[in-house]
*Asks:* 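Handing you a structure now.
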2 protein chains.
Amino acid sequence: MATTPTSPDPSPDPDALAPAFSPLYQQIKGLILRSLQAGEWKPGDMIPSEFELAARFRVSQGTVRKAIDELATDNLLVRRQGKGTFVATHAEQHIQFRFLRLLPDQGTLDDQGPAERRIIDCRRLRAPAEVARPLGLRSGDAVLQVRRVLAFGGTPAILEEIWLPGGPFKGLTLDTLASDTGPMYALFESRFGVRMVRAAEKIKAVAADADAAQRLSVPEGHPLLSVERLSYTYNDTPMELRRGLYRTDARHYRNELS
Amino acid sequence: MATTPTSPDPSPDPDALAPAFSPLYQQIKGLILRSLQAGEWKPGDMIPSEFELAARFRVSQGTVRKAIDELATDNLLVRRQGKGTFVATHAEQHIQFRFLRLLPDQGTLDDQGPAERRIIDCRRLRAPAEVARPLGLRSGDAVLQVRRVLAFGGTPAILEEIWLPGGPFKGLTLDTLASDTGPMYALFESRFGVRMVRAAEKIKAVAADADAAQRLSVPEGHPLLSVERLSYTYNDTPMELRRGLYRTDARHYRNELS
DNA sequence: CAGTGGTCTAGACCACGAG
DNA sequence: TCGTGGTCTAGACCACTGG
């Protein structure tokens, strides 16, 4: 590790086509990532200082810094000057809505108070094919399905259907969810050790069917935003499939392009 | 500039409340940005090497590097190892669809061929209030309105209404647009010196009105994605307002959250 | 081969937060 | 006052590109 920066790290797979050359700081990044996955440092924890990590990995502080820089821009770590570097968590006020992009058309911030949550049901099912595939499961594997409605100021705004793999979320019940206040992703961290790191969404415009119309208090056929989200944990492992129907009469989905 | 890093740079405005302390590399970033705005280097051009810039600004190469790093992650510059650092441009194949997030539900890449474009009209108008405000103009100021339809494989997919400030885009005509192949934002760069740097979109689900239904070959009332985009040039100056209606029967709007 | 960006190091000093 | 991250520097060497 202290030799040339691009040492391929004596690995198996000698006849592989992959170049597998990577800069030292990328290797360090990988090592830190492994510690995160292994739970050596939990969400909210402070990780060792840059100098400590530099000593542990036998590299200079600047190299550790660059690794941490990237992990911080990926939102896996949070740097706080004068205090230390911390494992990112969903249990923070200003991070609450990192994955919820629905904002009111009017009005300043989302200081309309938090969303009111009403859980419809929470069932243990066998995964249909179209749910199993994106989650990397096999059809028929055990999954949890949660359905709920989010409302703002008494007006229903979101109808969601959440699919979770049965293994990692063993023990999740309606009571667990109902008795919990705070972000659902924070619950996943504290109770199941599952941290959502990134997500991809597919958005369409659809017409409300009878059930959705009733639950969202709109006429049948009313245009709704369909948001299908696949969320990933550390190793790009998909861990949640979420289908949401958003009312967009008084709200909009905000997106920044750059 | 070669003294302490946080020297406020002997500037006017002595009684300002602003702290105005900023790291050297941020100041360098600002200077590079000014050269970009001033057109010292045009889109596609190679900018001076890191050492040249370091000499010009009387700082070390590492400081210039950090400034360029940020400009590169903001997509204002593109680094090419062994060649140099270049001013980003929309006139590149792999950057074509940086702002168009509509992808086919099935199918590999967007190798369905490029979009077919049909311009409906291009008119010089006085800005209505709801157009003037986001563009930072006054109601009644001269604006250009372009309407067009994009189709993929013969099927119309997008109906767009584009509003541009009359000043910067003086001389833009239907012929200019019609005779141009390639990305519209590339045309803006080469003909008007306007480079779009970032954009914000507001997305809703709406029902097709009679006009939209006819132009997009869908029944009236069909759910469509309404995408309202405000695009900005260098100084966070809004330069384009675009209202699009997207068919999402066979396509979806893709978004990555992190 | 020369020129460019990319990586790594080592050391100095600053800014911030907390005791 | 101390420990943390933040900035800046200077110099060495590597990797890629093109003549």
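To find a chain, count down the sequence lines: A is the first, B the second, and so on, and within it residues start at 1.
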*Asks:* With 3.5 Å as the limit, what N/O pairs link the protein to nucleotides 17-19 of chain D?
*Replies:*
none

*Asks:* Got a second to check how far A:L36's CG is from A:L31's CG, nearest 0.5 Å?
*Replies:*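 It is 11.0 Å, given to the nearest 0.5 Å.
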
*Asks:* Give me the bend of the helix from C:dC1-D:dG18 to C:dA18-D:dT1, using the axes of the five pairs at each end, rounded to 10°.
*Replies:*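 Inter-axis angle at the ends, rounded: 20°.
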
*Asks:* Let's see if you can work this out: which of D:dG5, C:dG5, C:dT7 has an atom nearest to the side-chain heavy atoms of B:R79?
*Replies:*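 Nearest to the side chain of B:R79 among the choices is C:dG5.
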
*Asks:* Tell me which nucleotide among C:dC8, C:dG5, D:dT4 gets nearest to the side chain of B:T85.
*Replies:*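 Of the options given, the side chain of B:T85 lies nearest C:dG5.
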
*Asks:* Could I get the full list of side-chain hydrogen bond (donor to acceptor under 3.5 Å, both in side chains) partners for A:T176, not counting sequence neighbours?
*Replies:*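 A:T176: side-chain hydrogen bond (donor to acceptor under 3.5 Å, both in side chains) contacts with A:T173.
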
*Asks:* Between C:dT4, C:dG6, C:dT9, which one does the side chain of B:M46 approach most closely?
*Replies:*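 Nearest to the side chain of B:M46 among the choices is C:dT4.
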
*Asks:* OP1, OP2 of C:dT9 versus side-chain N and O of A:T63: anything below 4.0 Å?
*Replies:*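 Answer yes for this pair, as a side-chain N or O of A:T63 is under 4.0 Å from OP1 or OP2.
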
*Asks:* Would you please name every residue forming a salt bridge (Lys or Arg N to Asp or Glu O under 4.0 Å) with B:K202, sequence neighbours left out?
*Replies:*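 Applying salt bridge (Lys or Arg N to Asp or Glu O under 4.0 Å) to B:K202 gives none.
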
*Asks:* Measure from CG on B:L53 to C1' on D:dC8 and round the result to the nearest Å.
*Replies:*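 Going from B:L53 (CG) to D:dC8 (C1'), I get 17 Å.
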
*Asks:* Rounded to whole Å, how long is the line connecting atom NZ of B:K66 with atom P of C:dC8?
*Replies:*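 So the NZ-P distance, B:K66 to C:dC8, works out to 16 Å.
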
*Asks:* Could you check how far CD1 of B:I47 sits from P of C:dG3, rounded to whole Å?
*Replies:*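 That distance rounds to 19 Å.
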
*Asks:* Specify the separation, in whole Å, of atom CD of B:Q26 and atom P of C:dA15.
*Replies:*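 Going from B:Q26 (CD) to C:dA15 (P), I get 15 Å.
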
*Asks:* Let's see if you can work this out: which of D:dG5, C:dC8, C:dG6 has an atom nearest to the side-chain heavy atoms of B:E50?
*Replies:*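 Selected nucleotide: C:dG6.
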
*Asks:* Give the nucleotide from the list D:dT4, D:dT7, D:dT9 with an atom nearest to the side chain of B:V59.
*Replies:*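 Nearest to the side-chain atoms of B:V59, counting from C-beta on, is D:dT9.
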
*Asks:* Please determine, for the side chain of B:E52, which listed nucleotide (C:dT4, C:dT7, D:dT7) has the closest atom?
*Replies:*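 Closest nucleotide among those given: C:dT4.
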
*Asks:* Under the rule for salt bridge (Lys or Arg N to Asp or Glu O under 4.0 Å), what residues qualify as partners of B:E40, not counting sequence neighbours?
*Replies:*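 For B:E40 the salt bridge (Lys or Arg N to Asp or Glu O under 4.0 Å) partners, ignoring immediate neighbours, are B:R56.
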
*Asks:* Could you walk me through whether B:Y185 and B:S231 satisfy the side chain to side chain donor-acceptor pair (under 3.5 Å) test, starting with their C-alpha distance in whole Å, then the side-chain angles of each, then the deciding distance to 0.1 Å, before giving a yes or no?
*Replies:* CA-CA 10 Å; B:Y185 285 174; B:S231 300; 3.1 Å; yes

*Asks:* So B:L257 and A:R101, do their side chains get closer than 4.5 Å, heavy atoms only?
*Replies:*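 Yes, at least one pair of side-chain atoms sits under 4.5 Å.
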
*Asks:* Rounded to the Å, how far apart are A:F86 CZ and C:dA18 C1'?
*Replies:*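 It is 12 Å, rounded to the nearest whole Å.
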
*Asks:* Ring centres under 6.0 Å, that's the criterion: do B:F188 and B:H90 meet it?
*Replies:*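 That pair fails the under 6.0 Å test.
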
*Asks:* Students often get this wrong, so: under 4.0 angstrom with heavy atoms, is B:F51 touching a base, only sugar-phosphate, or nothing?
*Replies:*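 Nothing: the residue B:F51, judged by heavy atoms under 4.0 Å, touches no strand.
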
*Asks:* Atom CD1 of A:I28 and atom P of C:dT9: how far apart are they, to the nearest Å?
*Replies:*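 Rounding to the nearest Å, CD1 of A:I28 and P of C:dT9 are 8 Å apart.
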
*Asks:* Let me know the distance between CZ of A:R65 and C1' of C:dG6, rounded to the nearest Å.
*Replies:*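 Distance check: A:R65 CZ to C:dG6 C1' gives 18 Å.
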
*Asks:* Would you kindly give the CD-to-C1' distance between B:Q61 and D:dT7, to the nearest whole Å?
*Replies:*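 It is 15 Å, rounded to the nearest whole Å.
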
*Asks:* Run the ring pair (Phe, Tyr, Trp, His ring centres under 6.0 Å) test against A:F192 and tell me which residues pass, sequence neighbours left out.
*Replies:*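 Applying ring pair (Phe, Tyr, Trp, His ring centres under 6.0 Å) to A:F192 gives A:F169.
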
*Asks:* Side-chain contact test, heavy atoms from C-beta onward, threshold under 4.5 Å: evaluate it for A:E240 versus A:M196 and give yes or no.
*Replies:*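 Yes; the side chains approach each other to less than 4.5 Å.
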
*Asks:* Find out whether the Lys NZ or Arg CZ of B:R80 is both under 6.0 angstrom from the six-membered ring centre of B:F86 and within 45° of the ring's axis.
*Replies:*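 Yes, B:R80 and B:F86 form such a contact.
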
